[in-house]
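I have placed the structure first, in the form of structure tokens, so that the comments after it can refer back to it.
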Amino acid sequence: MILSNTSSYMLKYQKAKAKLMEYDIPLKDYPRFPLNSNELSYPVIYILSRYAESVIENNIADKEEFLPYLAIASQYFDAAVGAKDRTMYDVDFLLSGAAAYFLSDDFGSAKVLCSEFFNRISPEVNALQKMLSSLFGYLLLGKKFQIINDMPTGERVCYLLLSYYTTGEGLDEIQNFLPDFRKEIYENDNPMEIFYIDVLYAVILMALSKSTWRLLPHYSGLEPSLWSSYLKSQQATKMLWSAQQLIGENGILSGQSAVVQLPTGVGKTKSIELIIRSSFISDIATTAIIVAPLRALCNEIANDMISAFGDEVLINQFSDILEDDFSLDSFLSFKSTILICTPEKLSYILHHQADFLAEIGLYIFDEGHMFDDGSRGAIYELLISEIQEYISGERQIVLLSAVLSNAEQIQEWLLGGTGVLASDSKIKSTPKTVGFVSQTKDIHYYSDDATQEDFYIPRSIEVVALQKHPRERKQRYFPELTDAKDIAIYYANKLCKNGGAAIFANRTSTVLTIIKRIIELENRGYDLAEIKKSSEVEEINRLAQLMADYYGEQYPYTLACRLGVVPHYSNLPNGLRLAVEYAFRTGALHFVICTSTLAQGVNIPIKYLFMTSFMVARNSM
């Protein structure tokens with residue numbers, strides 16, 4: 001056995017240490033850990049090293065043996081960075097963690113650690129660490145590929161990789177040269193260099209095996225020359241994530257209709273883009289329509305498509321107003337067109353100008369799992385049923401969703417016998433930990449797949465007395481331990497400096513209630529400065545002015561916005577909602593009070609989500 005039960009406890013303690021540091025718990029309040037979790041460094045380095053070696057040598061038996069342990073290794077490296085007790089090794093932890101995530105097909109988590117690496121980069125990294133970080137930055141973050149000239153053979157590998165990714169040529173030359181590069185490093189007999197050359201070599205092999213130059217022509221059945229213009233462009237993705245391989249393996253890039261189940265954070269937006277690109281390149285369609293159940297989602301999809309396609313195609317997002325605000329001739333004059341709208345808007349168009357459907361060759365229905373979302377889901381499902389009557393069998397239909405309990409039935413209902421169900425339980429979403437706060441001021445954490453407690457954070461709440469109003473006798477405190485909203489505000493204020501924080505409200509009126517409580521805390525002298533420190537002053541002032549123009553200077557939304565707190569829900573005026581989403585995406589804001597609208601596919605960087613209730617309307621989650 002590679003890892004024992006003792007190792008699993010060490011991993012829990014390492015995660016706990018990272019959380020204790022994240023919550024600013026004083027060292028004197030740390031639990032007494034019976035094991036030294038730092039000792040787990042040795043076996044996880046061994047695991048990563050042996051798995052990398054098995055990839056290089058294509059040793060199937062060793063790959064199968066060590067792959068299950070890669071998740072433990074990646075989580076350990078991730079937590080080791082957060083614990084901040086061995087900061088001199090942070091570069092190694094970040095690169096090793098990113099590599100472990102990458103080699104286990106969890107590119108989203110690898111991307112997160114890679115981003116953190118570039119925020120902390122040290123001038124003391126060696127040549128192989130530079131090469132690995134440069135490759136990760138290029139593949140995962142879209143950074144410019146840096147040629148590392150500290151060693152001639154390494155420089156040669158960099159030039160070969162850059163040439164391949166920009167021209168699609170030279171794959172055999174790379175694969176033939178890498179063994180010589182590895183042999184040269186091994187001859188130096190430096191253990192650190194030997195570790196990094198194996199990791200780098202394995203990452204390169206895996207990246208090349210998933211290269212878009214290889215896979216897109218294969219999956220689409222099109223000549224490489226037809227993809228060449230896109231693949232040579234700067235915005236081209238360099239490799240296919242598991243989600244994109246799933247759609248390729250199921251024939252969706254060659255025109256197959258499908259119901260596609262994808263978890264969050266695995267590259268759904270890029271998958272939509274590639275489906276549309278393949279459809280346009282192959283002339284299966286010249287016009288594609290994306291239907292999403294919420295205006296907020298339509299706004300985001302439109303922005304993503306504009307970013308991806310630029311001026312190549314006409315992108316038209318219909319408004320939600322039930323009136324004729326588009327011209328059939330205006331979009332038919334372009335060679336390729338992407339239309340984006342809600343089901344309600346599409347239904348309206350069908351009843352008033354159904355002839356435009358003859359021009360649409362590709363239908364993409366997003367967020368299909370919202371069929372299960374009460375009345376809104378029923379409306380979405382009914383509208384798609386209505387739309388089906390106008391869609392001929394020659395059109396490609398793709399429904400994208402998170403996991404559906406009745407996916408086979410939906411496939412049969414939507415596609416009949418002509419489509420496929422594309423699903424793979426091995427595709428990993430970004431791992432999450434769920435914490436439950438108790439009235440003892442502790443937080444008990446569970447991982448995604450844990451049925452037992454993973455670790456806990458002790459005594460994480462400090463209750464303070466609030467200032468009294470004039471003639472007020474009763475002493476008030478914050479947070480009130482019996483009030484879930486107070487607890488959520490307390491932690492959001494404490495943690496928003498680390499990343500985006502959102503408090504979930506199960507109805508729109510609760511958004512206003514929470515915001516009023518935050519304003520009251522400010523008036524009673526409670527220190528909320530951390531929220532404002534985490535925000536860009538100019539941006540929150542601009543947002544506050546927008547709120548004031550719409551609601552008035554003294555309205556709670558305006559006052560809260562000046563503190564760095566914003567609302568988000570479906571009926572918030574569209575301009576305000578777009579401004580809030582933009583501010584979050586750019587990092588100008590870190591604190592939002594929101595309803596479920598924000599969780600239903602809108603892609604903004606929220607690190608902490610605080611649930612004050614498990615009810616949505618009258619339904620339990």
Side-chain angles (χ1 to χ4, degrees), residues 1-4 7 11 39-78 80 89 91-107 109-110 113-114 117 125-136 139-140 148 151 153-154 156-158 160-161 164 171-211 214 239 242 426 428:
M1 181 181 291
I2 298 172
L3 294 177
S4 64
S7 300
L11 178 61
E39 292 180 1
L40 190 56
S41 298
Y42 304 106
V44 295
I45 288 171
Y46 172 75
I47 288 165
L48 177 57
S49 179
R50 284 297 305 274
Y51 186 78
E53 185 180 16
S54 71
V55 172
I56 295 166
E57 298 175 357
N58 196 25
N59 186 326
I60 304 300
D62 279 1
K63 284 175 72 174
E64 291 177 351
E65 180 182 3
F66 285 94
L67 180 59
Y69 298 104
L70 266 187
I72 294 173
S74 55
Q75 291 172 34
Y76 178 81
F77 289 128
D78 202 336
Y89 300 119
V91 165
D92 296 300
F93 291 145
L94 286 166
L95 287 177
S96 299
Y101 279 128
F102 188 93
L103 292 173
S104 59
D105 251 359
D106 187 354
F107 297 151
S109 297
L113 284 191
C114 185
F117 171 85
V125 293
N126 62 42
L128 292 169
Q129 289 173 321
K130 288 180 186 176
M131 286 184 66
L132 183 59
S133 62
S134 178
L135 182 61
F136 277 146
L139 295 175
L140 299 174
I148 309 304
M151 59 176 74
T153 48
R156 173 69 174 156
V157 170
C158 289
L160 288 172
L161 286 170
Y164 172 70
L171 180 60
D172 290 341
E173 191 175 357
I174 297 171
Q175 293 173 331
N176 292 334
F177 190 75
L178 283 173
D180 295 334
F181 183 31
R182 186 190 188 208
K183 182 180 178 181
E184 178 186 307
I185 300 300
Y186 265 69
E187 288 173 350
N188 295 337
D189 201 25
N190 181 313
M192 181 68 79
E193 289 187 349
I194 289 172
F195 170 74
Y196 273 107
I197 186 58
D198 279 0
V199 171
L200 175 63
Y201 194 160
V203 167
I204 290 173
L205 289 180
M206 186 164 184
L208 293 176
S209 72
K210 298 176 183 296
S211 162
R214 296 177 65 174
M239 61 181 188
S242 297
K426 296 177 183 176
K428 304 168 184 172

Tell me every residue that passes side chain to side chain donor-acceptor pair (under 3.5 Å) with [X], counting only those two or more places apart in sequence or in another chain.
X	result
Y76	S41, R86
S96	none
S49	none

Close side-chain approach of Y69 to P43, heavy-atom, < 4.5 Å: no
With sequence neighbours left out, write down each residue that passes side-chain contact (heavy atoms from CB on, under 4.5 Å) with [X], or none if nothing qualifies.
X	answer
S7	L3, S4, L40
D172	Q175, N176
I45	F77, F195

Of all pairs that satisfy salt bridge (Lys or Arg N to Asp or Glu O under 4.0 Å), the ones with a partner from residues 48-62, not counting sequence neighbours: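 Qualifying pairs, neighbours excluded: R50-E53, R50-D62.
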Pairs flagged by salt bridge (Lys or Arg N to Asp or Glu O under 4.0 Å) wherever residues 183-201 is involved - sequence neighbours left out: R182-D198
Any residue meeting salt bridge (charged side-chain N to carboxylate O under 4.0 Å, His left out) with K210, in chain and number order, not counting sequence neighbours: D105
Contacts of type salt bridge (charged side-chain N to carboxylate O under 4.0 Å, His left out), residue E65, not counting sequence neighbours: none
Donor-acceptor contact present, side-chain Q129 to main-chain N126, <3.5 Å: yes
Flag, side chain of S211 to backbone of L208, donor-acceptor distance under 3.5 Å: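 Absent.
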Interatomic spacing from CD1 in I194 to CD1 in I185 - rounded to 0.5 Å: 9.0 Å
Distance in Å, L48 CG paired with L103 CG, rounded so as to fall on 0.5 Å steps: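 One gets 6.5 Å once the value is rounded to the nearest 0.5 Å.
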Listed partners of Y196 passing ring pair (Phe, Tyr, Trp, His ring centres under 6.0 Å), at least two apart: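 Here no residue qualifies.
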Any residue meeting ring pair (Phe, Tyr, Trp, His ring centres under 6.0 Å) with F136, in chain and number order, not counting sequence neighbours: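 Residues passing ring pair (Phe, Tyr, Trp, His ring centres under 6.0 Å) with F136: F102.
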Heavy-atom closest pair, residues S74 and A100: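 Answer, listing the atom of S74 first, then A100: CB-CB, 3.6 Å.
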